[in-house]
2 protein chains.
Amino acid sequence: MDETLEPIRQNFVDGMSGISQFWGLPKGMGAIFAVLYLSPAPLSLDELVEETGLTKGAISTNVRGLSRMGLIRPVTRLADRKDYYEAETDFYKAVRSILKERQSSEFDRAVSSVREAISKLEASAGADESERAFLIERLKALQSFFDALDTLSSAVMRLDSLGMATIQNVLKILK
Amino acid sequence: MDETLEPIRQNFVDGMSGISQFWGLPKGMGAIFAVLYLSPAPLSLDELVEETGLTKGAISTNVRGLSRMGLIRPVTRLADRKDYYEAETDFYKAVRSILKERQSSEFDRAVSSVREAISKLEASAGADESERAFLIERLKALQSFFDALDTLSSAVMRLDSLGMATIQNVLKILK
DNA sequence: TTTGTCGTTTAGTATGTACTAAACGTAGTA
DNA sequence: TACTACGTTTAGTACATACTAAACGACAAA
């Protein structure tokens, strides 16, 4: 690697680490992704150890997380027991993958929690009428907001089939 | 408060706490917002202490954070030294406010970090040519992705002026 | 089988942070 | 002035978690 370019790369890696922990992810993830993203060839775990300064254990767990989110991709070479990884360069694909990940876990729980609360409230006659009505109203407003988010999210996840032209259309409306 | 409704409310509060810490925010924030959102009238700090079980200190700092994000709003009553707070019920307004908050802080730093890297790279002639070209290509791809995000984000922030019809249009395209 | 090279897992550690408890500052009230 | 009722700030604590170091398991080669 050219020494002139090294500080620039290092700065980029630091920046991505910052973003990473800003979004609540381990900063090692950001660093690993940054290194892979600026690498012309897939890298092995040991090479990542070399480049990031993290230990193999940390690399192992973070790499698994990044794979699960679709931000990096394992590359296997025949007759080579090492695992190699490369960065996903299609960010829209990565965004979809991340949304899919997050969606399933916690967001759904929140949505169904609200839905459950509403149906319980509607079932509980005999309680204070005005307060009950108020709670139902508030929760339904929240629910419709969640629905909008859900529509948006699942729309984005289907974005590959809709084609990149869709993104342009949306941006044109918003611009 | 009707005792029949209490467990439902409590369940909702717990759920919002969960979401809150899932998104990297203190779970106390979620709880406070939930309590305020389900309250017909604005609540004072001491009432929030009562409802959430947190101490006044924690309430104080979390309430400040929620205000800054635009998720709740202070309400002052004449001839009453207490501060009261109520939840923002326009979630789109809250989203805009949160985006504005996040945008300014870390995202911009990332964007300008990439831009800076690119211009440094373009200035550093004499270095390894093929690698330099590769880095520039990758960073420019990342930059255009950031630009798209930025366009989207600032568009959402201007969404009140564009009107709610815009949201409908966007969702129609995506649906 | 033994040996070496992988990735994974585990136990321990350090760091950040959200909280509690209590002191504090401030502004109305007697 | 002293007193009271607030919200804020600070010092300390508990807890979560991302990491290190090292043991472990799997697998291919000798």
Side-chain angles (χ1 to χ4, degrees), chain A residues 13-14 16-36 42-69 71-86 102 105-106, chain B residues 13-14 16-36 42-69 71-86 102 105-106:
Chain A
V13 171
D14 291 344
M16 291 300 284
S17 302
I19 295 194
S20 186
Q21 70 175 352
F22 179 73
W23 289 104
L25 300 171
K27 69 173 196 271
M29 277 195 182
I32 293 172
F33 176 80
V35 165
L36 288 177
L43 298 179
S44 68
L45 285 197
D46 284 315
E47 287 168 321
L48 284 172
V49 169
E50 173 89 11
E51 296 287 334
T52 61
L54 299 175
T55 59
K56 231 161 51 160
I59 299 283
S60 178
T61 61
N62 281 325
V63 149
R64 204 183 318 149
L66 285 168
S67 283
R68 210 161 34 89
M69 292 194 296
L71 280 167
I72 68 175
R73 203 176 7 215
V75 177
T76 55
R77 289 180 182 167
L78 294 175
D80 191 339
R81 286 164 49 203
K82 288 203 186 95
D83 299 344
Y84 294 86
Y85 294 91
E86 66 183 6
R102 297 227 140 181
S105 52
E106 189 73 11
Chain B
V13 171
D14 291 343
M16 292 300 285
S17 301
I19 295 193
S20 186
Q21 70 175 352
F22 178 74
W23 290 104
L25 301 170
K27 69 173 196 271
M29 278 195 181
I32 293 172
F33 177 80
V35 166
L36 288 177
L43 298 178
S44 68
L45 284 197
D46 284 314
E47 285 167 321
L48 284 172
V49 169
E50 173 89 11
E51 296 288 333
T52 60
L54 299 176
T55 59
K56 232 161 52 160
I59 299 283
S60 178
T61 60
N62 281 326
V63 148
R64 203 183 317 146
L66 286 168
S67 281
R68 208 161 35 88
M69 291 194 296
L71 281 168
I72 67 175
R73 201 172 10 209
V75 177
T76 54
R77 290 178 181 167
L78 294 176
D80 190 339
R81 285 163 50 201
K82 286 202 185 95
D83 298 345
Y84 294 86
Y85 295 91
E86 66 183 6
R102 296 228 142 180
S105 51
E106 189 71 13

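Here is how names work: the chains are called A, B, and so on, in the same order as the sequence lines, proteins then strands, and each is numbered from 1. The shown structure was predicted, so the numbers you read here are calculated from the model rather than taken from an experiment.
Distance NZ (A:K27) to C1' (D:dT17): 12 Å, rounded to an integer number of Å. Whole-Å rounding puts the A:Q21 CD to D:dA18 P distance at 11 Å. Taking atom CG on A:L43 and atom P on C:dC6, their separation rounds to 15 Å, with Å as the unit. Going from atom CE of A:M29 over to atom P of D:dT17 covers 13 Å, rounded to whole Å. With rounding to whole Å, B:D83 atom CG is found 17 Å from D:dA5 atom P. One interatomic measurement links the two molecules: OH of A:Y84 to P of C:dT5, which rounds to 14 Å at whole-angstrom precision. Straight-line distance from the CG atom of A:L25 to the P atom of D:dT17: 13 Å, rounded to whole Å.
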Quick one: side chains of residues 51-60 of chain B, donor-acceptor pairs under 3.5 Å with protein atoms, not counting sequence neighbours, listed by atom name and distance.
from: B:E51; atom 1: OE1; to: B:R9; atom 2: NH2; distance (Å): 2.8
from: B:T52; atom 1: OG1; to: B:L48; atom 2: O; distance (Å): 2.7
from: B:T52; atom 1: OG1; to: B:L54; atom 2: N; distance (Å): 3.2

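Atom OH of A:Y85 sits about 10.0 Å away from atom CG of A:L36, to the nearest 0.5 Å. Once rounded to the nearest 0.5 Å, the distance linking CD1 of A:I32 with CG of A:L43 reads 11.0 Å.
A donor-acceptor pair is defined here as one N or O able to donate and one able to accept, closer than 3.5 Å; no such pair exists between the side chain of A:S20 and the backbone of A:M16.
Closest approach to the A:K82 side chain among D:dC6, C:dG7, D:dC19 is made by C:dG7 (side chain taken as heavy atoms from C-beta onward).
Residues from residues 61-68 of chain A placing a heavy atom under 4.0 Å of any atom in DNA chain C, listed by number, are A:R64.
Residues forming a side-chain contact (heavy atoms from CB on, under 4.5 Å) with B:S44 (at least two apart in sequence, or on another chain): B:D46, B:E47, B:K82, B:Y84. Listed by chain and residue number, nothing satisfies the salt bridge (charged side-chain N to carboxylate O under 4.0 Å, His left out) test with A:E50 (two or more places apart in sequence, or in another chain). Scanning for side-chain contact (heavy atoms from CB on, under 4.5 Å) contacts around B:R73 gives B:E86, B:E88, with sequence neighbours left out.
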Inset, instruction - Determine, for nucleotides 20-29 of chain C in 5'-to-3' order, which nucleotides have protein heavy atoms under 4.0 Å from the base (write B), from only the sugar-phosphate (write S), or from neither (write -). - result: BS-----B--
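Shortest non-hydrogen contact noted between B:L25 and B:M69 is CD1-CE, 4.2 Å.
Two residues are said to be in side-chain contact when any heavy atoms from C-beta on lie closer than 4.5 Å; A:T61 and A:R64 meet this criterion.
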